Chemist: 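Structure incoming, see below.
Letters A, B, ... mirror the listed sequences (proteins, then strands); counts begin at 1. Since this is a predicted model, take the numbers as computed values, not measurements.
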Amino acid sequence: MEYNFREIEKKWRERWAADKTYHVTEDASRPKYYVLNMFPYPSGAGLHVGHPLGYIASDIYARYKRLKGFNVLNPMGYDAYGLPAEQYAIQTGQHPAVTTAANIARYREQLDKIGFSFDWDREIRTCDPAYYHWTQWAFRKMFLSYYDRRADKARPIEELTAAFEQNGTEGVDAACSEELTFTADQWRAMDEKQRAEVLMNYRIAYLGETMVNWCPGLGTVLANDEVVDGVSERGGFPVVQKKMRQWCLRVSAYAQRLLDGLDTIDWTDSIKETQRNWIGRSEGAEMRFAVKDSDEAFTIFTTRADTIFGVTFMVLAPESELVARLTKPDRQAEVEAYVEATKKRTERERIADRRVTGVFTGSYALNPFTGEAIPIWVSDYVLAGYGTGAIMAVPAHDSRDYAFARHFGLPVVPLIEGCDVSEESFDAKEGTVCNSPRPGVTALDGFSLNGLTVPEAIAATKRFVAEKGLGRVKVNFRLRDAIFSRQRYWGEPFPVYYKNGVACVVPEECLPLELPEVNRYEPTEDGQPPLGHATRWAWDEAARCVTDNARIDNSTVFPLELNTMPGFAGSSAYYLRYMDPRNDSALVSREADDYWQSVDLYVGGTEHATGHLIYSRFWNKFLHDLGLSCVEEPFRKLVNQGMIQGRSNFVYRIKDTNTYVSLGLKDQYDVTPLHVDVNIVQNDVLDVEAFRRWRPDYRDAEFILEDGKYICGWAVEKMSKSMYNVVNPDYIVDKYGADTLRLYEMFLGPISQSKPWDSNGIDGCFRFLRRLWNLFFDADGSLAVTDEEPTRDNLKTLHKLIKKVSEDIEEFSYNTSVPAFMVAVGELAQQKCRSARVLEPLVVLLSPFAPHVCEELWHLMGHTTTVCDATWPQGDEAYLKEDTVTMPVSFNGKTRFTVDVPADATKEAVEQAALGAEQAARYLEGMQVVKVIVVPGRIVNVVLKK
RNA sequence: GCACUUGUGGCGAAAUUGGUAGACGCGCCAGACUUAGGAUCUGGUGGCUUCGGCCGUGUAGGUUCGAGUCCUAUCAAGUGCACCA
């Protein structure tokens with residue numbers, strides 16, 4: 001009987017859908033396991049062969065866990081808000097909801113062909129009001145919360161107002177944008193608007209002034225990568241740095257917990273390292289510097305407090321408010337010109353162009369340890385957004401300060417014995433401190449660091465600074481708050497309105513606040529975001545349930561927030577929603593959350609390391625603080641699948657002709673390589689007829705062949721339409737079947753490695769499945785499986801396979817289990833194995849990889865239930881032992897020990913092994929011989945163990 | 001610049017975690033069946049060899065009875081962060 005994969009796969013695809021085979025419900029009697037893929041953005045291009053890689057890997061794991069008796073949640077959905085649909089809408093007027101729905105339908109069709117065990121009843125879409133209800137809900141909660149640093153968790157904002165009412169800021173330790181100090185009386189004296197401003201400083205979702213790339217021509221904020229050479233990528237409009245009031249999330253409040261949490265989860269070191277890097281914890285000290293002949297003073301942050309005696313100048317960031325305050329009148333023109341010039345440059349330009357620039361303010365700071373006057377400069381190498389926006393410069397021990405000092409001729413004072421600072425700074429934190437203070441200089445209270453090592457000096461200085469009130473020990477993080485506003489249409493609307501200019505969140509019962517229709521998707525003429533075009537005010541819709549008295553009394557329609565949320569909003573808690581996707585009274589019910597807990601296995605690409613994977617962790621910690629998500633870390637284990645690159649093919653056209661020369665002969669001509677569609681090339685041999693049909697200008701193409709074939713060149717490039725190297729999974733499924741595709745994708749290489757897609761090897765996997773199929777049938781096409789006793793060889797093959805495959809799946813090295821199946825099937829065929837007691841477990845073992853064919857075989861063998869409900873076979877080590885005989889081994893003619901060796905080992909071979917291990921014999925006292933490896937006619941090893 | 005990852009046949013890759021390097025697949029070679037092969041099946045396939053063996057895991061050292069695996073240095077590729085004081 002022939003392996004008719006088309007018929008088999010169609011049959012089971014339909015049956016599984018009709019029977020809801022993969023539907024899952026909470027079941028307290030079974031242990032749960034939660035497998036999750038990073039859900040896709042449904043782009044117009046459809047899936048290519050790289051997308052399903054991670055889905056297949058996680059599907060295998062999900063099916064394996066189910067066979068192991070777990071209740072497995074394996075959901076799928078769509079990250080449906082995004083820029084491409086909006087851009088397309090601007091160009092065509094087509095509503096993004098329409099294109100998104102069409103793309104989703106196409107994705108679904110493609111996914112369905114690959115045989116995933118997704119529970120489609122739990123599908124979610126981020127653009128669905130029933131879903132973004134809870135995105136808005138979480139935002140609302142963030143607005144209504146502050147971060148209590150003492151309790152180290154988010155608390156309701158009412159607790160903060162109550163504290164202010166009682167004692168003002170006294171005793172409050174809350175994460176904030178700006179340190180504020182006021183008394184209870186002052187608080188009580190504030191009007192509503194002033195209080196709102198103060199609270200905004202503490203809210204976890206807050207309106208904040210941030211530096212953005214503002215493009216007036218487009219009327220929107222642009223991300224750094226949307227700005228090229230100071231103008232917008234689209235349209236070429238100038239872009240300036242601008243302070244704007246934007247919604248932000250106080251992610252920085254969670255920096256320490258985000259860092260600590262990394263130690264509790266099972267992610268790769270590289271991605272943890274990337275996150276640690278991004279969070280950027282640095283321990284140091286803040287020190288206060290008074291300004292000479294002035295009442296002004298300012299604070300700097302340093303990790304090298306020990307270098308205080310080497311400070312020869314101070315530097316302010318151009319954006320710092322201190323600049324205006326500290327600039328002397330005679331320097332004002334120059335300083336303002338400098339600040340203006342830096343404003344015009346984007347952050348990207350400042351990074352790309354590292355010329356040393358700066359300007360002197362005319363003011364001097366006083367070294368708090370020595371009272372020495374130090375000139376204060378302004379330079380763009382100091383960032384406003386980190387630390388305090390001001391630094392103490394120690395050119396001898398910081399390379400950036402060094403470059404600045406050399407450029408402007410400022411003094412360099414070395415502080416480490418024997419260090420050479422004539423060519424470059426000495427940045428290493430090692431050596432013995434000197435010149436601290438310099439001979440002849442007396443420091444405050446006779447303080448001295450001379451003779452200490454650098455780490456000792458850092459500690460000593462910190463202690464001194466704290467004791468003398470010169471500053472404080474401080475931990476800084478590089479992690480910034482997330483800017484949460486986008487001047488876009490196709491995103492979640494904020495549940496926010498403005499009452500007399502004060503931002504308020506809409507009442508909970510009004511959610512979801514639905515995205516209104518607009519007739520245009522561009523910004524409005526007066527520079528408002530596209531929501532300014534809304535024809536039907538979402539607020540009017542929401543107003544029906546609003547109980548806000550002020551609104552009802554005077555019938556005022558308050559303006560709504562016109563920005564929408566960014567892409568990461570909808571993806572930050574979707575894993576919770578899958579637990580209870582149709583709940584319309586909560587994001588997730590207590591029961592569902594208690595049962596599913598958190599994601600046990602999360603599969604996706606590394607590109608989200610510093611985006612989604614940080615935001616999700618933050619979001620989940622926030623919900624955890626609210627008592628909602630019972631586990632603090634959302635993703636227990638993370639596996640990153642590599643990218644599938646394209647493997648492009650080339651033809652070589654002889655210049656100015658329509659003649660194409662095969663790869664091996666191209667060097668004899670002057671040729672231009674041209675991309676050719678990989679789908680008309682097989683094993684690098686071009687289908688010349690298909691090539692002529694491919695495009696009109698190739699219709700009359702002539703070929704210079706080698707050995708009668710046209711051989712194409714190839715290169716690994718990004719998989720993209722323009723390189724004609726996109727391989728569509730539909731095509732592979734149609735030609736070889738989904739089971740072959742699944743096997744081949746896993747066989748291609750380690751899951752976490754990036755690799756080019758190469759259709760060349762796929763025949764091997766197809767042949768394997770056909771060999772497997774043939775194992776079950778006689779020559780006449782009847783089922784050959786019998787209930788005869790398996791032979792010892794049969795069982796040995798089976799148990800080897802069980803051990804190997806079980807281990808492989810646990811470690812995600814599917815690429816080595818596919819060969820194990822190939823070998824096992826080869827052996828069983830050779831053994832002419834017919835025994836159901838071997839073949840049935842074989843089908844179960846393979847079913848996670850090739851579910852369709854296994855389901856078919858399972859039913860042909862007389863089962864009426866799905867193979868998914870079978871039990872993963874139990875391994876038995878007893879069958880894995882080699883048949884052994886005991887043999888004495890002698891060294892130097894003296895018998896020292898006996899070992900078990902393979903039955904086919906000759907005495908001579910063992911003696912030879914012993915001889916080879918003569919030197920090892922010296923160590924034999926107290927050592928145990930574990931194994932003697934004997935290969936007839938070859939050198940042998942003796943394995944010893946203490 | 002800093003961090004992380006990876007270097008093994010013509011190609012994708014394995015290697016029981018320190019113990020027979022190159023499993024398995026592709027490709028290639030030979031054979032079988034075929035009118036035919038871009039179908040199928042069988043066998044072979046790291047390099048050199050005087051057929052005894054010898055050499056081989058980016059390069060150079062080291063530890064070890066023994067190293068693809070551990071250590072040091074170095075080169076190359078990829079990814080992430082990047083004036084973070």
Chemist: Pick from A/F747, A/Y744, A/F5: which one makes a ring-ring contact (aromatic ring centres under 6.0 Å, His included) with A/F766?
Modeler: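 Option passing the ring-ring contact (aromatic ring centres under 6.0 Å, His included) with A/F766: A/F5.
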Chemist: Please classify the nucleic acid contact of A/I391 as base, sugar-phosphate, or nothing, using heavy-atom distances under 4.0 Å.
Modeler: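 Touches a base.
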Chemist: In whole Å, what is the span from the CD atom of A/Q645 to the P atom of B/C11?
Modeler: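 Taking atom P of B/C11 as the reference, CD of A/Q645 is at 17 Å.
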Chemist: Would you mind reading off the distance between A/D808 atom CG and B/A23 atom C1', rounded to a whole angstrom?
Modeler: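 Whole-Å distance recorded here is 12 Å.
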Chemist: Just wondering, are more than 12 heavy atoms of other shown residues or ligands nearer than 6.0 Å to CD in A/E811?
Modeler: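 Correct, the count exceeds 12.
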Chemist: Does B/G52 count as syn, meaning its glycosidic angle lies within 90° of 0, or as anti?
Modeler: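 Syn.
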Chemist: Round to a whole Å and report the spacing from CG of A/D306 to C1' of B/A85.
Modeler: 12 Å
Chemist: Identify which nucleotide among B/G80, B/G25, B/C4 has an atom closest to any side-chain atom of A/S270, counting heavy atoms from C-beta outward.
Modeler: B/C4
Chemist: Taking the ring of A/F313 and the ring of A/F404, is the distance between their centroids below 6.0 Å?
Modeler: yes
Chemist: So what does A/E807 touch, heavy atoms closer than 4.0 Å: a base, only the sugar-phosphate, or nothing?
Modeler: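 No contact.
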Chemist: Centroid-to-centroid, A/Y710 to A/F691, below 6.0 Å?
Modeler: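 Aromatic pair excluded; centres sit 6.0 Å or further apart.
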Chemist: Using 4.0 Å as the upper bound for N to carboxylate O, is an ion pair formed by A/R276 and A/D263?
Modeler: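 Salt bridge flag = yes for A/R276 with A/D263.
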Chemist: Between the side chains of A/K800 and A/E827, is the shortest nitrogen-to-carboxylate-oxygen separation below 4.0 Å, so that they form an ion pair?
Modeler: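 Yes, charged N to carboxylate O under 4.0 Å.
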Chemist: How many Å lie between CZ on A/F768 and C1' on B/C26, as a whole number?
Modeler: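 Rounded to the whole Å, the gap is 17 Å.
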Chemist: Heavy atoms under 4.0 Å, any strand shown: does A/P756 hit a base, just sugar-phosphate, or nothing?
Modeler: nothing
Chemist: Pick the nucleotide of RNA chain B nearest each of A/D269 and A/D687; which residue has the one closer to the 5' end?
Modeler: A/D269
Chemist: Can you tell me how far apart CG (A/L479) and CG (A/N277) are? Round to the nearest 0.5 Å.
Modeler: 12.0 Å
Chemist: Mind checking A/N760 for me? I need base, sugar-phosphate or nothing, with any heavy atom below 4.0 Å counting as a touch.
Modeler: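 Sugar-phosphate: the residue A/N760, judged by heavy atoms under 4.0 Å, touches backbone atoms but no base.
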Chemist: Distance between the C1' atoms of B/G80 and B/U57, in whole angstroms?
Modeler: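 It comes out at 28 Å once rounded to the nearest Å.
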Chemist: Quick one: classify the glycosidic conformation of B/G46 as syn or anti, with syn meaning within 90° of 0.
Modeler: anti
Chemist: For B/G80, does OP1 or OP2 lie under 4.0 Å from any side-chain N or O of A/T606?
Modeler: no
Chemist: Whether A/R770 contacts B/U40 is assessed here as follows: a side-chain N or O lying under 4.0 Å from the phosphate OP1 or OP2. Is that the case?
Modeler: yes
Chemist: Pick the closest RNA chain B nucleotide for A/S754 and for A/T274 by heavy atoms, then say which residue is nearer the 5' end.
Modeler: A/S754
Chemist: Is any side-chain nitrogen or oxygen of A/Y386 closer than 4.0 Å to OP1 or OP2 of B/A85?
Modeler: yes
Chemist: Within less than 4.0 Å of OP1 or OP2 of B/A13, is there a side-chain N or O belonging to A/Q753?
Modeler: yes
Chemist: Select one nucleotide: of B/C83, B/A85, B/C24, the one nearest the side-chain heavy atoms of A/D380.
Modeler: B/C83
Chemist: Out of B/C4, B/G25, B/G80, which nucleotide sits closest to the side chain of A/N277?
Modeler: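 The nucleotide sitting nearest to the side chain is B/G80.
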Chemist: Going by the glycosidic torsion and a 90 degree boundary from 0, is the base of B/U50 oriented syn or anti?
Modeler: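 Base orientation: anti.
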Chemist: Answer yes or no: does a side-chain N or O of A/N815 lie under 4.0 Å from OP1 or OP2 of B/A14?
Modeler: yes
Chemist: To the nearest Å, give me how far apart CH2 (A/W757) and P (B/C26) are.
Modeler: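 Rounded to whole Å, this separation is 15 Å.
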Chemist: B/G25 phosphate, OP1 or OP2: any side-chain N/O from A/R767 under 4.0 angstrom?
Modeler: no
Chemist: Let me know the distance between CZ of A/F766 and C1' of B/C24, rounded to the nearest Å.
Modeler: 19 Å
Chemist: Measure from CD on A/E273 to C1' on B/G78 and round the result to the nearest Å.
Modeler: 17 Å
Chemist: Could you state the CE-P distance from A/M314 to B/A85, rounded to the nearest angstrom?
Modeler: 16 Å
